[in-house]
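When reading the values below, keep in mind they use all heavy atoms of this one structure, side chains included, and skip hydrogens, waters and symmetry mates. Chain letters run A, B, ... following the sequence lines, proteins first and then strands; every chain starts at 1.
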Amino acid sequence: MENKKIIIKRILKILLLAAAVLLSVYGLQEYVVKPWDSSDQRITGFYMEPENSLDVVLMGASDVHYDFSSCRAYGEFGYTSYPFSCHQSTIGVWQTQVDEIMRTQSPAVIVIEINGALYMDEPVHSDENLRFFTNNMPNGASKDSLIEAYSDIYEPGERMSYYIPFLKYHGNLRDLGEAYSRAMERISLRLRGRTRLKGETTILGTARPGHVLDMTYEYGPLPLDPSHEEVLVSFLDHCRERDIPLLFIRSPHIIEEGDKKNIGRFHMTDRVAEIVAKYGYELIHFDRLHGEIGLDETRDFLDSDHLNLYGKEKFTDALSAYLLDRFPIEGRTHSQDVTAAWDESLAYYRQYREDMESDYANGREENFGLYTSESRALIDKLSAELEKKPAP
Amino acid sequence: MPMSYTAFSFFIFTAITITLYFLPPFRRHQKIILLAASYIFYAYADISCLGFILATTLLTYLGALSIDAIQMSGKFRLKYADAIRDTMELPDAHKRKGQKDPDKGPASPSDKGISSVPNKDSLSTSKAGEKKTASIQDAKDKVKNSTERVSKAILHLTLLSIFGILFFVKYVPFLLDTLRKLIAALTLEIPLEPLSILLPLGISFYTFQAAGYLIDVSRGKYHAEPGFLRLALFLSYFPQIVQGPISFYDKLSPQLYETHSFSFHRFKYGMELILWGYFKKSVIGDRIASVIPTVIGRYEEMSGAACLTALLIYAIQLYADFSAGIDISRGISEILGIDLPENFRRPYFSRNISEYWRRWHITLGEWMKNYIFYPIALSKKAVALRKKVKNSAFGKKSFGKHFSKMLPNMLATLVVFLLVGIWHGAASRYVFFGIYNGVLISVSMLLAPSFLALRNKLHISEKSIPFILFQIIRTWIFILIGYVFDIALSVTMGFRFMWKIFTNFDLNLFLEKEFRKVFGKGVSGSQALLNYRILFISLLVLLIVGIIQEKSGRRIRDILDRKPFILQFAVLFVGILFTLIYGAYGSGYDVKGFVYMNF
């Protein structure tokens, strides 16, 4: 009896220590050491959207969240949407994204910006890309298959770090100030339970392009990188088998004289259009439609790859009109809670837009894409630090 | 690649092994579980290297059994030599009344109640007895000599075979490479293909264990192990195969072969030791490991201060890394109910270089002492040489007397350290490292009386703190000089490296420009800053723990065990969390293999 008591006591002590360590590590992992850039926030935010509450989901690289505003689309066209995108997104992650969208939502259409299919001489899989998703998506079959699909880029010993990000990021606790900001942002997002700006990134500012080329001529398609084309075909097979509604787009870019990257991608887009057409899907090449959208390369672009606030509004309006025209979006209804949350987001977006314009008018180019007031505080801090540094 | 102690697979492997080991249905087969685990661990490193350890095990097994059999047969023949001799050569005498066991010497007349006054008969009997005794002694000597000769021949042959394997994989590629360079330098056209052999994991360690076992069997210290699998377990036991400690058969094997029950106390102590090992390896060793190649690769452009810093860092890294590996091995063994010998006893607190070698890699030192030092120092030749010097004119003088007394020890020390150098690697710098230490210890043996006299003259107490600190720092300097040849790529480079420290120290250059290069290579400013802070805190912990152990002579685990639960909990919680957060492991860190893993 006495022995039994001692054994139970010892087991409890071990369990207590193990629980304390595991909880601490989990807390640190989830709130402190994991990176927290806008892509992490966007992906986390996607999983916070109530099930089947999105009419449209967009995916792709930064072109998506810079060029499309979900709040604007809701305000002007009345449908709900979300940019499930991340920086430098490669084609390798598309299949998992589509599966995740279909698992959690039932959109009328998934819009795919094809930048990820146009990379040349770059691997289909990138660790950065993979981690954006594995760090922020819930555990499950999709995560397992995504990690498995990317097994060519990591050593077997590193696999565990995709499930336990602490193994990779434990050293991120070097700057307590940054760690505090990350923790506050994550905690406030969790407490709020949803993102307010629906993942968009908007920066006021204007590109100063050189000689912009007239790209209305027909040149003929350029081939894709073979590895990318292979993945694209496999992806299309996957989607057609499941009858997933897709629309492919190439968002607007400035194509200047000498800009080999964007000139090449312009023509490779035509090749993607050829391939997707074989599967019955459509691709809209918005780089051929600058005039129709009303885009002015000297006023509406932030840089050659991204639109600013004004360009974003024009593009969102153009894409929304097309979507409403071609896909069964109108007539979809949502619960009162979902509608109320979207109304609140719209009000927040409008206020933010005003603030941003006012800030910009006062000489402050403000990042409008983050979600919380803590983010603004962090940006202020970083800006102040940058200002202190002497010019190189 | 061997299963790294910091790899997730290693944790899983160890946890499964420990669980199976103590699980009631398997407890009766603990030896089998350990052997299977050891060979799985070994095969995971490189399955192709299994042949080497199996060959060494088989040779050792057969060699020891043969030696033991011959010695047993020799003993048997010695015991019954008289009977055999009587039967073969003196059948009548053997049957004669009043004869005693020849082993007990000639029969005493009083034993038989016969008068002590010799008569004719008794005289003739006595003569026959003496003759017979001499013959038996002669036969016994012959048996003894032939037993010794044959068992030594088998011993030497087996040692030659197992060290031959070690020599082949470790030194032949180096010798061939040297030969190729020589041929190229002489512009000769002799084709010589380079030989690339993967060094089997822990080959030096298990070869030394095997050799120690063979020698002990031949010395009659214990009998040869009749079970092949049992011997295989002794040589392959997985917690120690990576980098030791080098165990002795009579100490380790009984523990390996007996059945152990789970002990909470051992589990707790083992886990604490493992945690301490991971702290040293991951938080200290791996964090600073990149500093050394950074400086070594560009030492000619760098200041002497940077070179000295790299040298100090190397001393810390080597200790943190090597002792950490041993702690992890000992911790796992402790949980399994097996006590592995201590390999480090705070070596950097040593007050002289001999003491340093008694505290550093203790088991290698023990091995060398048992199997190299004593056989040389006590050999007939060494003793004869000592006598020769002692009897010479030089030996009659005061210093000469001391010299002759120390001569066998000095010779043995030189040989031991030459071997220690060669054991460290197949390169001239390691040989130099060994000779340097051998000479240093020999000289200190010679000068010990002079130093003692000087200290007495200056009235310096042996226990005075400044004197102890002086001794520790002096020892550190000697140790660091030795380490130069460990980190340099050649002997010449080692001298140049040292020359840089003494002639171009340039502390300002180091502080202003090189410090970031040395400590912040490949990392951001904040990461570099974190490195300094963590390193400083961790070294402070290491120092405090060392001082407590040194002063109290007790283990920290024993001290902690007597504290209230809440304090124990806090220390372990902080220790685990600190190691998990600040350990240099996982992707993004250059996790190092253990320095001694390839020995």
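Only the side chain of Leu28(A) has a heavy atom closer than 4.5 Å to any heavy atom of chain B.
Arg10(A) CZ to His265(B) NE2: the interatomic distance, rounded to the nearest 0.5 Å, is 8.5 Å. Atom NE2 of His170(A) sits about 11.0 Å away from atom OG1 of Thr579(B), to the nearest 0.5 Å. If you take CG on Leu17(A) and CZ on Phe573(B), they are separated by 8.0 Å, rounding to the nearest 0.5 Å. The distance from the CZ atom of Phe565(B) to the CG atom of Leu16(A) is 5.5 Å, given to the nearest 0.5 Å. Atom CZ of Phe264(B) is separated from atom CD1 of Ile7(A) by 10.5 Å, given to the nearest 0.5 angstrom.
Within 6.0 Å of the CG atom in Leu540(B), the count of heavy atoms belonging to other residues, nucleotides or ligands exceeds 12. Atom CD of Glu230(A) has 12 or fewer neighbouring heavy atoms from other residues, nucleotides or ligands inside a 6.0 Å radius. Residue Tyr163(A) qualifies as enclosed at atom OH: its count of foreign heavy atoms under 6.0 Å is above 12. By the neighbour-count criterion of 12 heavy atoms within 6.0 Å, atom CZ of Arg190(A) is sparsely surrounded, having that number or fewer from other residues, nucleotides or ligands.
Looking at heavy atoms from C-beta onward, Val21(A) lies in side-chain contact with Leu580(B) at the 4.5 angstrom threshold. Proximity of Ile581(B) to Phe166(A): side-chain heavy atoms (C-beta onward) are separated by under 4.5 Å at one or more points.
Taking each heavy atom of Leu173(A) and Tyr582(B) in turn, the nearest pair found is O-OH, 3.8 Å.
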